[in-house]
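Below: one structure, written as C-alpha cells.
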Amino acid sequence: MDFFTALLRAYETAEETGWVDNSQKSISPLLPIYHTSRRSNGKDTIAVLLDNEGNFMKAEFIGDGESIVFPVTSASVARSGKNPAPHPLVDKLTYYLSEINQGQYDTYHRQLDEWIVQCQEQEVKNFLGLIQQFLLQDDFIDKIIQSLFGRVIKREGLKVTYLTSDDSEKIVDLSTAFLEFKIDQFIGYQTVSVTNYVDLHKNYIAYVESNQKANIICNISGKQEVLAAKHRGLIGNAKLISVSNNIETYKGRFKEREDVFTVGNQTSEKIHLMAKFLLENEHTHAWLGSGQHLINWFSDDLTNETQLNITSPKGEEVEDNGMIDFGEISPVDIPKFQVTETNQKIRSAFIHGKKQFGDGATYYVAIVNKTNDGRVALKYFRQLAVSQLLENLNKWQEKYSWQVKKKNGEYFECPPSYLDIILAAYGVDRGRFLELDNDKFKSDQFQKLATSMLDGKDVPETILGKLSDNIKQRQKYGTTWNKVLFVSLALLHKYNKEEFTPMLDHENKNRSYLFGRLLAIFELLELQRYQLDGSKNDRITNAERYWTAYTSQPAKLMMNLTNKIKPYEEVVKLNNPGIFNKLEKEREEIMYLLGPLMQERGINDPLDYRFIFGYYAEKQYFYTKQEKNESEE
C-alpha cells in the first residue's frame, strides 16, 4: 500500500469508528472534509455571541491555544495572491467590510447566499441566516469593537484607537483577526458555535458535493470524483501533492499538468486532513529537526494511544552519581528499560502507555520534509506487520542497550535515544550540554537512525566510527563525557560480532582491552590518593590528561603514566594497604597477560574501541567489589 492510500484508508476507518469531527476523541480533532481549523494566539480570533434572534450580545477574544473549525472552499483552502478567495462563513474581518475590499465583500455574501438558498435543513438555515443578518447591519463592526475595547476613540478601517484603564491611548490593528460566531440558546439551552455545530458541518459537505459533478477516476481511491484542481497545504501552505507550473516538466508526455497524477477532490481532502491530524497529535508525531517530521499510526490504533515512540525510549530516574559509584552516567534523560524474566519485550522501553493495537495490526510510519514554503516531500514510508515491527525493535533494543543503576540500587538495561546517539557522535561540548548547530544534518541523522531501526538494520557505520574516535578524546568533554561514554558502550558492545559486558573478563587477552584495564588502574590509584585527604573527585587525573596520547601510543605512555602516579601510589600503599593490594593484584594480572604481546611489532599501535570496555569493566569490578566488602563488614 502506498502512502496516500494508507492515509485514505486511515481516514475512512476513522469515519467508521466515529473519530471524524468528534472533539471528545482528541484535543486536535480529525476535521471533516471541506473544513479547516485555526488556533488562536489570544489576540487574533474573536468570538461573536448572538442571541437566538440574531441580536448582538458580546464579543471577546478566544483564549490562546484554543482552536476554531470552519468551512472552506476549494479556492479558499489554499488561498494566495492579490485577491484571495473568502471562506464561506468564518473569515478575517477584512472580508466582512465593503469599505476594505468591495470585491471580496460581494463574493463572501454571494457564497453565503447560495449556501442558504440551497440549504435543506431548516435549523442550519436559521443559524446561517442569523449570522448573515448580523453581518449586514451597518454598525456590526462598531458593536464588536465597543464590546472588545470599551472606550473607543476612533476607527480607521480596522485600526482601532481606544483608552486603557489608566487613560492612555492604545492602537490595535484587527486586519488579521478572524470572526467565529456563536448563538446563545440556539438548540434548547445550548450555545452553538460554527466550531461545535456538527450538523452545520454535515450540511456544508452535502451542499458542496451537490454542486460537484464527477469527471475523473481518482488514481488513489479508484472512484469517480470531481478533479481536485487545488490541494490544501499540509505544513502551512506547503503542499504534499502539487504539480509544477513549468510546462517543460510534463509537456511531451502529458497534455495538461493534472494528467500527471489525477486525484479526486474528496480523496485529496481526506488524505491531507488525515496527515494534518497525525502531525498535530502528540502520540503520532515526532519532530526530527529542520523541516522533517515523523508520523506513525496503527491500523487499529489511529491516534497511537499505545504511545509507541520509536525515537526516544521513556525515562526513569537513576542514581544521582549515575550508573555506578564513580559516576559514569549522568541521570539526565536516561531512558527506561527494566529487564525481568516476564517483561523484556519492546513495549517496556518504547511503549509509554497501554498496548492498544492487536497482534494482527499493521503499523505505518512516514517521514515528510518541508523542502520549501510550497512543497512537502515524502522522504520515507513503510508499513509493517506488528510482529515484524516488534521483532525489529527488539533486535535494536537487544543490540544497543547498556546498564544503568537506579536510585534503589537495581540495574536495568536501556537503549539511548536517537538524540543522545546523534549528539554523542557529532555534538560539541558547550558546558553542561552537547549541542549540534547544523539542524539539517541532525535531521538527516534522525532519519537514518529511524529507518535503520524500522528496517531491521544496524546503526550506520559512520556513527559507530565517530563514537570510536570520540571515546579516545576525553579532553573534548567535561560533564558531557558521561553521555558520550554511555552511548558508546551501548552501541559498540556487540560490534564486529563480539560481545562485551559490564563484567570484567579476566581471560580477555585483546591488546586494546588490556591497555584499557591498565588505564583504569592508573586512574583508580590517583583517585584513591585524593580520597584519602578528602579531595573531591573533580580533579583531572593524569589518566584523563594523557588519555588521547595513551590511546594513540599505549606502550610508550604506559611508562610515562607509571612514573606519574608513583607519588600517589606510595601514599595509598602506606595509608590504605588493602586497596593498594587489590589494585596492584589487578595490575599484575594485566601485565602478565600483556607480557607475551610486548615484543610484538604492533604493541604501540593506536588502541581500537575495545579499550573502553576494558577500562569500564575494570572500574566497575573495583567499585562493585568495594561495595560487597563494605556490606560484609
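Along the sequence shown, residues carry numbers from 1. Basis for what follows: all heavy atoms, side chains included, without hydrogens, waters or symmetry-related copies. Predicted model only: the values in this text are computed from it and were never measured.
Classification of R38 and E180 as a salt-bridged pair fails, no side-chain N sitting under 4.0 Å from a carboxylate O. Under a 4.0 Å N-O distance rule, the pair K43/D64 does not qualify as a salt bridge. A salt bridge links R155 and E99; the closest N-O separation between the charged side-chain nitrogens and carboxylate oxygens is under 4.0 Å. Between D21 and K25 there is no salt bridge, since none of the side-chain N atoms of the basic residue sits less than 4.0 Å from a carboxylate O of the acidic one. By the 4.0 Å N-to-carboxylate-O rule, K440 lies close enough to D444 to be salt-bridged with it. Comment: R9 engages E12 in a salt bridge, judged by a side-chain N to carboxylate O separation of less than 4.0 angstrom. Salt-bridge formation is not detected for the pair D44/K92: no Lys NZ or Arg NE/NH1/NH2 atom is positioned less than 4.0 Å from an Asp or Glu carboxylate oxygen.
Ring planes of F127 and F186: perpendicular class, angle over 60° (limits at 30 and 60°). Under the 30°/60° scheme for interplanar angles, the aromatic rings of W297 and Y364 are found to lie parallel.
D301 places a side-chain N or O within 3.5 Å of a backbone atom of T306 that can act as its donor or acceptor partner. In this structure, the side chain of N304 engages the main chain of L308 through a donor-acceptor pair within 3.5 Å. No donor-acceptor distance shorter than 3.5 angstrom exists from the side chain of S268 to the backbone of G264, with no hydrogens or angles considered. For the pair Y11 (side chain) and H272 (backbone), a donor-acceptor distance under 3.5 Å is absent. A donor-acceptor contact shorter than 3.5 Å is absent between the side chain of N203 and the backbone of V124. A distance-only check finds a donor-acceptor pair linking the side chain of N101 to the backbone of G103 [under 3.5 Å]. A donor-acceptor contact shorter than 3.5 Å is absent between the side chain of D300 and the backbone of A361. The main-chain N or O of V194 is found under 3.5 Å from a side-chain atom of H201 such that the two form a donor-acceptor pair. The backbone N or O of N281 lies less than 3.5 Å from no partner atom in the side chain of H285, so there is not a single donor-acceptor pair. Checking side-chain atoms of S452 against main-chain N and O of K448 turns up a donor-acceptor pair under 3.5 Å.
Around the NZ atom of K230, the shell of radius 6.0 Å holds more than 12 heavy atoms that belong to other residues, nucleotides or ligands. Counting heavy-atom neighbours within 6.0 Å of L136 CG, excluding the residue itself, gives a total above 12. Other residues, nucleotides and ligands contribute over 12 non-hydrogen atoms within 6.0 Å of the CG atom of D139. Heavy-atom contacts from other residues, nucleotides or ligands closer than 6.0 Å to CG of D373 number 12 or fewer. Atom CD of E121 sits in a sparse spot, with 12 or fewer heavy atoms from other residues, nucleotides or ligands closer than 6.0 Å.
Side-chain contact check for I310 versus L294: some heavy-atom pair is nearer than 4.5 Å. No side-chain heavy atom of Q185 sits less than 4.5 Å from a side-chain heavy atom of D51. Contact annotation: the side chain of W19 approaches that of S26 to within less than 4.5 Å [non-hydrogen atoms, C-beta and beyond]. In this structure, the side chains of Q388 and Y363 stay at 4.5 Å or more apart for every pair of heavy atoms. Taking 4.5 Å as the limit, every side-chain heavy atom of T284 sits out of range of all side-chain heavy atoms of F298. Using a 4.5 Å heavy-atom cutoff, the side chains of L31 and V69 are in contact. A heavy-atom distance below 4.5 Å is not found between the side chains of Q266 and Q212. For the pair K239 and R375, the minimum side-chain heavy-atom distance is 4.5 Å or more.
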Go through the steps for D113 and Q132 under the test side-chain hydrogen bond (donor to acceptor under 3.5 Å, both in side chains), then give the verdict.
CA-CA 9 Å; D113 280 337; Q132 187 180 47; 2.8 Å; yes

Run the salt bridge (charged side-chain N to carboxylate O under 4.0 Å, His left out) test on E66 and R39 for me, step by step, so that the C-alpha distance in whole Å, both residues' side-chain angles and the decisive distance to 0.1 Å come before the verdict.
CA-CA 6 Å; E66 292 184 38; R39 183 166 293 179; over 6 Å; no

Checking side-chain hydrogen bond (donor to acceptor under 3.5 Å, both in side chains) for the pair D2/T5: CA distance, chi angles, key distance, verdict?
CA-CA 5 Å; D2 64 84; T5 304; 2.7 Å; yes

Between K379 and T451, is a side chain to side chain contact (heavy atoms under 4.5 Å, CB included) present by the stated rule, with each step listed?
CA-CA 10 Å; K379 298 288 292 292; T451 56; over 6 Å; no

In sequence, state the C-alpha distance, the side-chain angles, and the governing distance for L135 and F181, and then conclude on side chain to side chain contact (heavy atoms under 4.5 Å, CB included).
CA-CA 11 Å; L135 292 173; F181 303 99; 3.9 Å; yes

Give the C-alpha distance, both sets of side-chain angles, the deciding distance and a yes or no for side chain to side chain contact (heavy atoms under 4.5 Å, CB included) between Y426 and T462.
CA-CA 10 Å; Y426 301 106; T462 50; 3.9 Å; yes

Would E280 and K276 satisfy salt bridge (charged side-chain N to carboxylate O under 4.0 Å, His left out), going step by step from the backbone distance to the final call?
CA-CA 6 Å; E280 292 178 350; K276 172 182 165 67; 2.7 Å; yes

Carefully, step by step, assess E305 and T303 under the rule side-chain hydrogen bond (donor to acceptor under 3.5 Å, both in side chains).
CA-CA 6 Å; E305 292 301 306; T303 54; 3.0 Å; yes

Just do the side-chain hydrogen bond (donor to acceptor under 3.5 Å, both in side chains) check on D106 and Q102 with the steps written out, would you?
CA-CA 6 Å; D106 291 340; Q102 185 68 50; 2.9 Å; yes

Check step by step if side chain to side chain contact (heavy atoms under 4.5 Å, CB included) holds for N126 and N52.
CA-CA 9 Å; N126 291 341; N52 54 20; over 6 Å; no

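Q104 and D91 share no donor-acceptor pair across their side chains, judged by distance under 3.5 Å alone. In this structure, a donor-acceptor pair under 3.5 Å is absent between the side chains of N369 and T371. S147 and E60 form no side-chain donor-acceptor contact under 3.5 Å, judged by distance and modelled atom types alone. A donor and an acceptor atom, one from each side chain of E209 and Y34, are located under 3.5 Å apart.
Cation-pi geometry between K202 and Y204 is not met: the NZ or CZ atom fails to fall both under 6.0 Å from the ring centre and inside 45° of the normal.
The ring of Y108 has its center closer than 6.0 angstrom to the ring center of Y96. Here F70 and H35 keep their ring centres 6.0 angstrom or further from each other. A distance of 6.0 Å or more separates the ring centres of F140 and F56. Within the 6.0 Å centre-distance limit, the rings of H109 and Y105 are counted as a close aromatic pair.
Across every non-hydrogen atom of P86 and Q111, the tightest pair is O-NE2, 3.4 Å. Shortest non-hydrogen contact noted between F381 and M1 is CE2-O, 3.2 Å. Heavy-atom minimum distance, V459 versus Y400: N-OH, 3.0 Å. The shortest heavy-atom contact between S67 and T195 is O-CG2, 4.3 Å. Heavy atoms only, all atoms of each residue included: K182 and S193 are closest at CG-CB, 3.5 Å. In terms of heavy-atom proximity, V90 sits nearest to I68 at CG1-CD1, 4.0 Å.
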